[in-house]
Amino acid sequence: MYKELRFALYAIRKFLQSSAELRTSFLMNIFGMFINNTAFIVMWMAFSHAVGTIGGWTAIDIIALESYAALSLGTVFFFFGGIQKLPQYVLSGSFDRFLLSPKNPLLRMMTSHMMVSAFGDIIFGIAGLVLYAVLGGLNLTSIVMLVLGGILGVFAFLATSIGIFSVSFFIMDTNIVSRGLFELYFTPSMYHGGAFSSGLRAFFTYVIPSLLVAILPVEATRNQSWETLGFIALLGCLWFALSVYIFHLGIRKYESANFMTFGT
Amino acid sequence: MKTPIVQVTSLSKNFSYPVPKQGKGWLSNLFFPERRTVQAVESISFAIHAGERVAFIGPNGAGKSTTIKMMTGILFPSEGEVRVLDMNPATDRKKLAYHIGTVFGQRSQLLPNLPLTDSFEFFGVMYDLSSEDIRRRTKELVQTFELGDFAQQPVRKLSLGQRMRAEVAASLIHEPQIIFLDEPTIGLDVVAKKSLRDLLLRINQEKKTTIFLTSHDVGDIETLCDRTMVINHGKLIADMPTSELSKQFISEKFISLVPKEHAETFPPLPEGLTYEETQPTQIIVRVDLARWDVPSALTSLLGYFEAEDIDIYNADMESVIRHVYERT
């Protein structure tokens, strides 16, 4: 396990070094994503101001919501960006190189690529959560919960992403299907938290676990609910186990291909 | 008797894919497509001993890459068994990876934006080598494969020949016992091909690394491999010393004559003797060994042409291989 993690960290460092070789593109990507997220949060805050509190959600909560969502997406796609390239790897046959590696193919694949622009999401996410803590006047317990909520949101997002992109082992036309599934999963996680009640809430918690990414962490912090954090952790673990199982089942189905590719 | 390091027994691999049903609507074909199964590899068996240099050849789609992929743990066999270094590649994949090297000619394993030495370091760390070992192996490989001139260049800026040498070198960083090469000389010019073949021969002789190679290039087979296996339509149709291939599959020889005086007319030859080349200064005749023995064919030809020089030779390897493929 130690060797696996050591190599994963090394691979991330190497990819960062490789991306930094193309400095201008690297910085432009990060800056671009930061601007994009800011525009998005301004729009949602304007909406919240206009309509007032919905389902207990205020404009300040929206800052935390969007920050959690950006942090989850940013952390996973920056450090484990290979996951969103899995459909392409499977289609082109370049997944072969992860199976030829003496390391865990899932970790090796996930750390094979970094989505550079996702670093902008991470910065945005952290800055947003700090702003939320200041504007909301959070006490120490709430700050601890805020941090834990972020970690669990990232974990839940990673767990579900593995499952979603592993679908590409089973279904042809993989880019479209997995991209569609991903949108179906992630887009609701950025919606106004007050929009989810009863049936819809259950659906987007248990069937499509979008609420685990940002909405439930915000509610846990706001309501100081350890139960909610525990619930996110439990469901995240279940999704992780299921997703890893799907991934390994997918490896058995993998048929390779002979397209020309470059490696990392 | 030595135990083989690779043992393949009744190995088969099937692939299935959806095909549209004739006369059915697109909706029916979308949700309930008919599936067709292709047998890519059909019950093949062979064994390889340490230090051998084996060519695994066959026409496009014969099952070469599929077999290599099953031997390296990329694909799971549909039936049969593979043992490589007494491990099952499908279940002991990670463990096996420490002992084998792989090069796929159409696919690069190197880091495109970083210097070549960074790729060596990357693979060294991946194979859990110490920093000192990585430095030592990098130095050795740069020297052996003559990579010094471009070792600090980003990989994406290397020529194809340089890149392929680097690919092979990188695959040897952990000193594997077997190296699997899938069309390593594809797209290379003659100088780069020769250089790569010489290097492979060298590591086989110096380190006793077993070489298992697929190629469409006759030169790779002739100069590099002492044993050739031929696969076609998923079946192993020949497995013999490379030097024996022509004897087994070609029932013809060639007689080359240099006429004493410039030949101007070329009379029709008896059945079984065919002109391959008719020039005033050189005549080449193909002899069908099913109809003629060589001395009789030569006597017959000397009745038509007075010769200054005579050369008798076998079909070249390319013809042999074409013959093998066509026969099957």
Side-chain angles (χ1 to χ4, degrees), chain A residues 2-23 25-26 89-90 92-108 111-114 116 169-173 248-264, chain B residues 13-18 30 33 40 60-61 64-66 68-70 72-76 89-90 93-115 118-119 121-128 154-156 163 167 170-171 174 180 182-183 186-187:
Chain A
Y2 165 73
K3 283 179 179 172
E4 296 280 359
L5 289 174
R6 178 175 162 253
F7 179 68
L9 287 174
Y10 172 81
I12 289 169
R13 185 159 58 86
K14 216 68 201 166
F15 194 90
L16 196 58
Q17 194 183 334
S18 174
S19 301
E21 291 285 310
L22 312 164
R23 270 178 205 86
S25 146
F26 182 72
Y89 290 148
V90 171
S92 65
S94 53
F95 188 76
D96 288 6
R97 69 177 186 276
F98 308 122
L99 294 174
L100 292 169
S101 154
K103 294 288 177 267
N104 180 298
L106 176 60
L107 200 55
R108 171 85 183 85
T111 54
S112 68
H113 180 79
M114 294 170 93
V116 175
F169 284 114
F170 304 91
I171 302 174
M172 291 283 194
D173 200 11
H248 284 285
L249 215 59
I251 289 180
R252 291 193 71 95
K253 285 274 293 177
Y254 176 60
E255 293 193 343
S256 187
N258 285 325
F259 289 102
M260 289 188 125
T261 53
F262 243 111
T264 43
Chain B
K13 179 69 186 175
N14 304 329
F15 292 111
S16 70
Y17 59 95
L30 180 67
N60 290 331
K64 304 184 296 292
S65 297
T66 304
I68 275 206
K69 284 173 182 175
M70 285 192 280
T72 51
I74 294 172
L75 295 176
F76 283 67
R93 192 174 34 73
K94 278 167 61 182
K95 205 170 134 196
L96 179 64
Y98 283 102
H99 304 280
I100 63 169
T102 46
V103 176
F104 289 90
Q106 300 184 60
R107 195 163 286 163
S108 177
Q109 308 188 68
L110 306 172
L111 310 174
N113 295 330
L114 295 177
D118 283 46
S119 287
E121 185 192 278
F122 184 86
F123 285 107
V125 175
M126 188 170 85
Y127 287 107
D128 303 327
V155 168
R156 66 173 191 278
R163 189 173 66 73
E167 294 283 351
S171 73
H174 56 302
F180 293 92
D182 195 5
E183 301 189 36
I186 194 165

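Hydrogens, waters and symmetry mates are skipped; everything else that's a heavy atom, side chains included, is used. In what follows, every chain begins at residue 1, and chains take the letters A, B, ... in the order their sequences are listed. Please read all numbers here as calculations on a predicted model, not as lab measurements.
Rounding to the nearest 0.5 Å gives a distance of 12.0 Å between CZ of A:R252 and CG of B:L75. Taken from CD1 in B:I74 to CD1 in A:I251, the straight-line distance is 11.5 Å, to the nearest 0.5 Å. The OG atom of A:S101 lies 9.0 Å from the CZ atom of B:F123; values are rounded to the nearest 0.5 Å. The structure places CG of B:L111 at 11.0 Å from OG of A:S112, a figure rounded to the nearest 0.5 Å. For the atom pair A:K103 NZ and B:Y98 OH, the distance stands at 3.0 Å (nearest 0.5 Å).
The parts of B:T72 that come within reach of chain A are both its backbone and its side chain, each placing non-hydrogen atoms under 4.5 angstrom from that chain.
The two residues A:F98 and B:R93 come nearest to each other via the heavy atoms O-NH1, 4.2 Å. Nearest heavy-atom pair across A:F7 and B:V125 is CD1-CG1, 3.7 Å. The shortest non-hydrogen separation linking A:K14 to B:E121 is NZ-OE2, 3.2 Å. Closest heavy-atom contact between A:L100 and B:A97: O-CB, 3.4 Å. The two residues A:P102 and B:M126 come nearest to each other via the heavy atoms CG-O, 3.4 Å. The shortest heavy-atom contact between B:D118 and A:Y10 is O-OH, 4.2 Å.
Electrostatic pairing of B:K94 and A:E4 counts as a salt bridge here, judged by a charged N lying under 4.0 Å from a carboxylate O.
Not one N or O on the side chain of B:R107 forms a donor-acceptor pair closer than 3.5 Å with the backbone of A:R97.
Interface remark: of the candidates B:L96, B:I100, B:D128, B:D128 forms the most heavy-atom pairs closer than 4.5 Å to chain A.
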